[in-house]
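Please read all numbers here as calculations on a predicted model, not as lab measurements. In what follows, chains are A, B, ... by sequence order, proteins preceding strands, each numbered from 1.
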Amino acid sequence: MSDFPTNAPTGATDDLHATTTATGTVAGEVVRAVVTGVPDRVSTDGLEAKYDALWAEQGTYAFDRTRTREQVFSIDTPPPTVSGSLHVGHVFSYTHTDVVARYRRMRGLEVFYPMGWDDNGLPTERRVQNYYGVRCDPTLAYVEGFEPPQVGGEGKSVKAADQVPVSRRNFIELCERLTSEDEKQFEALWRRLGLSVDWAQHYQTIDARSRTAAQRAFVRNLARGEAYQAEAPGLWDVTFQTAVAQAELEARDYPGHFHKVAFHRGAAGDGTVPAEKVFIETTRPELLAACVALIAHPDDERYQHLFGTTVRSPLFDVEVPVLAHPAAEPDKGAGIAMCCTFGDLTDVQWWRELQLPTRSIIQRDGRLVRETPDWITAESGRAVFAEITGKTTFSARQVVVDGLRESGDLDGEPVATQRKANFFEKGDKPLEIVTSRQWYVRNGGRDWTRPGVTSDLRTELLTRGTELEFHPDFMRVRYENWVGGLNGDWLVSRQRFFGVAIPLWYPVLEDGTVDHGHPLVPSEDVLPVDPSSDVPAGYTADQRGEPGGFVGENDIMDTWATSSLTPQIAGGWEVDPDLFERVFPMDLRPQGQDIIRTWLFSTVVRSHLEFGTLPWKNAAISGWILDPDRKKMSKSKGNVVTPMGLLEEHGSDAVRYWAASARLGTDAAFEVGQMKIGRRLAIKILNASKFALSFGLDAESGTGEIVLDPAHVTQTLDRAMLAGLADVVERATAALESYDHTRALEITETFFWTFCDDYLELVKDRAYGAGATASDVSDETRSARAALAIALDTLLRLFAPFVPFATEEVWSWWRASEGSIHRVAWPVPDAARAAAQGADPAVLASAGHALAALRKVKSAAKVSMRTPILAANVAVPAVSLAGVQAAVVDVRNGGRVTGTLELVEAAEGQGDAAVQGGIVVVACELGEPEARRKA
RNA sequence: GGGCCUGUAGCUCAGCUGGUCAGAGCGCCACGCUUACACCGUGGAUGUCGGGGGUUCGAGUCCCUCCGGGCCCACCA
């Protein structure tokens, strides 16, 4: 990918931007809207394609990079893994982000909303291998114009032997080729969902810009002493044959057996001490040959006499010391442990602290070494080992256990046990511990303070955690637990082939050995480099691997080493400084809770080390999608219900509604029912809007002018409705400000249904203004029409972040000249409140209850709602009486009361406040149910 | 073993700093083709707010405890 695309605003986008400032109804000004193009029959079908195209054409979501940092709201969007497939969980969480983006945009902020694609890492590597039938071999040279042996080996894996080895650069090119296809599909889905992403702002985690950023960050870490290499025992995956970081660990149940094994203590030559068997218990008897000591707790009574002496191992007959160490737990196993190099991390601790020798027998492929080790000197021991050389740990265990049983050193039979073992999250064999040279970046996992700084890095990072606003707040605990529990620095090197290379070379000394201690570092201006093909400064290509020459670092970086830089990559760090200063530090990082320890934390580390700041102010954490049976929705199940299928079946607004109904940080059920409700809401918005805009239009053309003039709103009921709406605006805004989109939606939705069911029913007769012409309407009619238009204007804006397609459709019927609704201002309560003239919102509630009471009579009488009421006596609680009276004309119209409507104050205890606000129809005379006249 | 979240009508969930908080929608029942909407409308029924203690004049709402569900970390002898 080339340089960051610039977005010089076009004329069209310029106009749209201009409308982001508060104007019209939002500012309480008079707006004259021309209604055109309201369809006879509304539908949500096809809105996605129609408006996606329009938004793209008009650049509705294009980022205007003339804005300053204070005017920008920047989002560090999670780059989805393109080699996987999107599932409903993605739709869910990305919708949350989009709601925030749309809200902030309407608040007048210029939203920087990029999209990245994560094509780094093992899933892509495997997919490229199978798709093209190749594998990456970094030792090979780049081949210009390489064509893979096959294209489209989808689904079936190609045997390693049949894969054609290619250079890393060729492999990366194939990756980019393949993922660009995936990206098209992903983009199509996101567009259909209505994400207001600026599609000009996108990146791939393997593209040149990302590789440059990752290498630049690493080189700078190195220069500041934050990156270092060390030769040390570490967790190792034998399947993938790579080192694994703490963050990639997963503890899983793993079946094993306890073996009670005897070590032998010989009798003292002078006969003062008798021969003794010392029993240990182990689940890894195959490591017996790697034993370097037996270790018990210093206070353990049982072993006091053994400390400082030696014992001999069974079968191999190797002498090992018995030592004391507080990490030994007396109540575990036999209380005395066999320390091997290396069975687990405790062994590493003992080995390090007690300065034990290294006796490694497990190779990087998970098999035992092929040569019998020299520390086994006894003939019998060497003979036993010869039987297990080159075997897998599993086979070796069989041999050793059989041998122990035969020699009588196995006490009893192995006892089955269920233990926890560490696994690489993508692997299926327990991790081994092998010694290797690796690169690390400091992350507070080990004590470290920077030169000239007194604070410890871990403390600094914990402080950053307190500065970051987590939504919901309790997610911070996960960050703190993780940072507090780190037990080592961040292992960033991986012994894989596909990924961003560690940008280093090493000198080869005259004797042919590689001098890892003095890496050759590229200057930043030549990045990105691939050390396997590029040549360090001052050397020539033919010096590669030669004495006096150089070798390239073969390792690549952890995928998180790139992903931890997404704000820098998307923001154009060092590539586009002008952009970077307008968007960084970013405002928001949305992400899943499962990657707080990886993505979130590593991004904080990188930003802290490089800039001494947080990478963003807010972190919005979405929950999981659960199956109806309350289990986390599995990938397989999630793929059965494809996101695109969902959108096609229910409509994007509907699916968004379902997603937006779930709070941040809370798991949500996959609920088709919620989507149906969302669809209903979208359709209701279309229908109610069509109705609210229909009054006073020219009957012939269906067009006309609607005047949104607060001064026209003179009637109490209309003012009360707007007073209620003002409260809704205030509360919904407060909710969105605190990242509580669910609440904002709920508040708006509740009001909207009241607006439809009660207010619209109450005022429609008055709004029709029977007999009135367009130019000559009564004040009452004009008031209803203005109130309807103002309310609709506000409601559409409130709904726009959640239901972007239906609201845009309605907007297009009467406000198209103002551009997209998604670029107009978010409403403020003041405008509606001013129009309400201090009216009490309760008037609408009271009138609505009165209407409901009248409807109840008809419902109970099983007659149509059109049935006229000839006369009625209605008891109204004192608190509501004035309100009902103030809107009595509308109540009569809504209830089709043709005769007398007598309102009396309800007696104490008359009516139930929970039912129609306590309003009771005491007596009622129904007219002829005209609905019965069927053709 | 440590920690976080969660348990409210059949289902999905609201109930914010303790006092109309016992709610919404779906589903269910009955009715209704009303000049926006049958992809609809109107009305109705539904719960010892997981169990048990406690604080309080008063507790889904605070405290303790137990039980159930989900998740994170630690635990590899």
Undergrad: Pick base, sugar-phosphate or nothing for A/Thr44, based on heavy-atom distances below 4.0 Å to the nucleic acid.
TA: nothing
Undergrad: What one-letter contact string describes nucleotides 2-11 of chain B from 5' to 3', where B marks a base within less than 4.0 Å of any protein heavy atom, S marks contact via sugar-phosphate atoms alone, and - marks no contact?
TA: -SSS------
Undergrad: Remember a base hit wins even if backbone is also touched, and classify A/Phe258 as base, sugar-phosphate or nothing at under 4.0 Å, heavy atoms.
TA: sugar-phosphate
Undergrad: B/rG44, OP1 or OP2 - any side-chain N/O from A/Gln916 closer than 4.0 Å?
TA: yes
Undergrad: With sugar-phosphate meaning primed atoms plus P, OP1 and OP2, does A/Asp757 contact a base, only sugar-phosphate, or nothing at under 4.0 Å between heavy atoms?
TA: sugar-phosphate
Undergrad: So what does A/Met338 hit on the nucleic acid, given a heavy-atom distance under 4.0 Å: a base, only sugar-phosphate, or nothing?
TA: nothing
Undergrad: Is the base of B/rG27 syn or anti, if syn means a glycosidic angle within 90° of 0?
TA: anti
Undergrad: For nucleotides B/rG44 and B/rC49, find the distance between their P atoms and express it as a whole number of Å.
TA: 24 Å
Undergrad: Where the side chain of A/Arg896 is defined as all heavy atoms beyond and including C-beta, which of B/rA74, B/rU34, B/rG70 is the nearest nucleotide?
TA: B/rU34
Undergrad: Taking atom C1' in both B/rA14 and B/rC21, what distance in whole Å separates the two?
TA: 11 Å
Undergrad: Quick one: is B/rG44 close enough that its OP1 or OP2 comes under 4.0 Å of any side-chain N or O from A/Lys856?
TA: yes
Undergrad: Look at the side chain of A/Glu761 and the base of B/rA36, then say whether one donor and one acceptor between them are separated by less than 3.5 Å.
TA: yes
Undergrad: Using the P atom on both, measure B/rA9 against B/rU56 and round to a whole Å.
TA: 30 Å
Undergrad: If we take the P atom in both B/rC40 and B/rA45, what is their distance in whole Å?
TA: 23 Å
Undergrad: At what distance, to the nearest 0.5 angstrom, does CD of A/Glu761 lie from CZ of A/Phe755?
TA: 11.5 Å
Undergrad: Look through every strand shown and name the nucleotide pairing with B/rG43 as Watson-Crick or G-U wobble, where both distances are under 3.5 Å.
TA: B/rC29
Undergrad: Calculate, to the nearest 0.5 Å, the distance between atoms CZ and CG belonging to A/Arg766 and A/Asn893 respectively.
TA: 8.5 Å
Undergrad: Using Watson-Crick or G-U wobble geometry with both distances below 3.5 Å, tell me the partner of B/rU56, or none.
TA: none
Undergrad: Can you check the A/Ile683 CD1 to B/rC40 P distance for me, whole Å?
TA: 7 Å
Undergrad: Considering only the C1' atoms, how many Å lie between B/rC57 and B/rC16, rounded to the nearest integer?
TA: 24 Å
Undergrad: Just call it for A/Cys756: base, sugar-phosphate, or nothing, with non-hydrogen atoms closer than 4.0 Å on any strand.
TA: base
Undergrad: Does B/rG1 have a Watson-Crick or wobble partner in any strand here, with both distances under 3.5 angstrom, and which is it?
TA: B/rC73
Undergrad: Please confirm whether A/Trp658 and A/Phe92 have ring centers closer than 6.0 angstrom.
TA: yes
Undergrad: For atom C1', what is the distance between B/rU8 and B/rG2, given to the nearest Å?
TA: 30 Å
Undergrad: What distance separates A/Asp347 CG from A/Cys340 SG, expressed to the nearest 0.5 Å?
TA: 5.5 Å
Undergrad: Which whole number of Å gives the distance between the C1' atom of B/rC28 and that of B/rG7?
TA: 25 Å
Undergrad: Across the strands shown, which category fits A/Val672 at heavy-atom distances under 4.0 angstrom: base, sugar-phosphate, nothing?
TA: nothing
Undergrad: Any salt bridge between A/Asp45 and A/Arg679, counting N to O under 4.0 Å?
TA: yes
Undergrad: Quick check on RNA chain B: between A/Ala327 and A/Lys690, whose nearest nucleotide comes earlier from the 5' end?
TA: A/Lys690
Undergrad: Name the pairing partner of B/rC13, where a pair is Watson-Crick or G-U wobble with both distances under 3.5 Å, or state none.
TA: B/rG23
Undergrad: If you look at every strand shown and take non-hydrogen atoms under 4.0 Å, does A/Ser661 touch a base, only sugar-phosphate, or nothing?
TA: nothing
Undergrad: Have a look at A/Ala688 and say if it touches a base, only the backbone sugar-phosphate, or nothing, with a 4.0 Å heavy-atom cut-off.
TA: base
Undergrad: For the pair A/Leu686 and A/Val810, evaluate side-chain contact (heavy atoms from CB on, under 4.5 Å) and give the outcome as yes or no after the intermediate values.
TA: CA-CA 6 Å; A/Leu686 296 176; A/Val810 174; 3.7 Å; yes
Undergrad: Step by step, work out the side-chain contact (heavy atoms from CB on, under 4.5 Å) result for A/Ser313 and A/Val320.
TA: CA-CA 7 Å; A/Ser313 61; A/Val320 297; 5.6 Å; no
Undergrad: At under 4.0 Å between heavy atoms, what does A/Ala251 touch on the DNA or RNA strands: base, sugar-phosphate, or nothing?
TA: base
Undergrad: Counting any heavy atom closer than 4.0 Å, what does A/Lys420 reach on the DNA or RNA strands: base, sugar-phosphate only, or nothing?
TA: base
Undergrad: For A/Arg284, which contact category applies under a 4.0 Å heavy-atom criterion: base, sugar-phosphate, or nothing?
TA: nothing
Undergrad: Taking the side chain of A/Arg743 as heavy atoms from C-beta outward, which of B/rG43, B/rC16, B/rA36 is closest to it?
TA: B/rC16
Undergrad: Does the pair A/Arg663/A/Glu746 count as a salt bridge with the N-to-O cut at 4.0 Å?
TA: no
Undergrad: Give the nucleotide from the list B/rG43, B/rC37, B/rU35 with an atom nearest to the side chain of A/Tyr768.
TA: B/rU35
Undergrad: Just verifying a value: how many Å separate A/Leu431 CG and A/Asp344 CG, rounded to the nearest 0.5 Å?
TA: 12.0 Å
Undergrad: Base, sugar-phosphate, or nothing for A/Trp753, non-hydrogen atoms under 4.0 angstrom?
TA: sugar-phosphate
Undergrad: A/Ala334 near the nucleic acid: base, sugar-phosphate alone, or nothing, with a heavy-atom cut-off under 4.0 Å?
TA: nothing
Undergrad: Across the strands shown, which category fits A/Arg680 at heavy-atom distances under 4.0 angstrom: base, sugar-phosphate, nothing?
TA: sugar-phosphate
Undergrad: Quick check on RNA chain B: between A/Ile677 and A/Glu329, whose nearest nucleotide comes earlier from the 5' end?
TA: A/Ile677
Undergrad: Tell me which nucleotide among B/rC39, B/rG43, B/rA36 gets nearest to the side chain of A/Ser859.
TA: B/rG43
Undergrad: Has A/Lys684 got a side-chain N or O lying under 4.0 Å from the OP1 or OP2 atom of B/rG41?
TA: yes
Undergrad: Please check if atom CZ in A/Arg731 has more than 12 non-hydrogen atoms from other residues, nucleotides or ligands closer than 6.0 Å.
TA: no
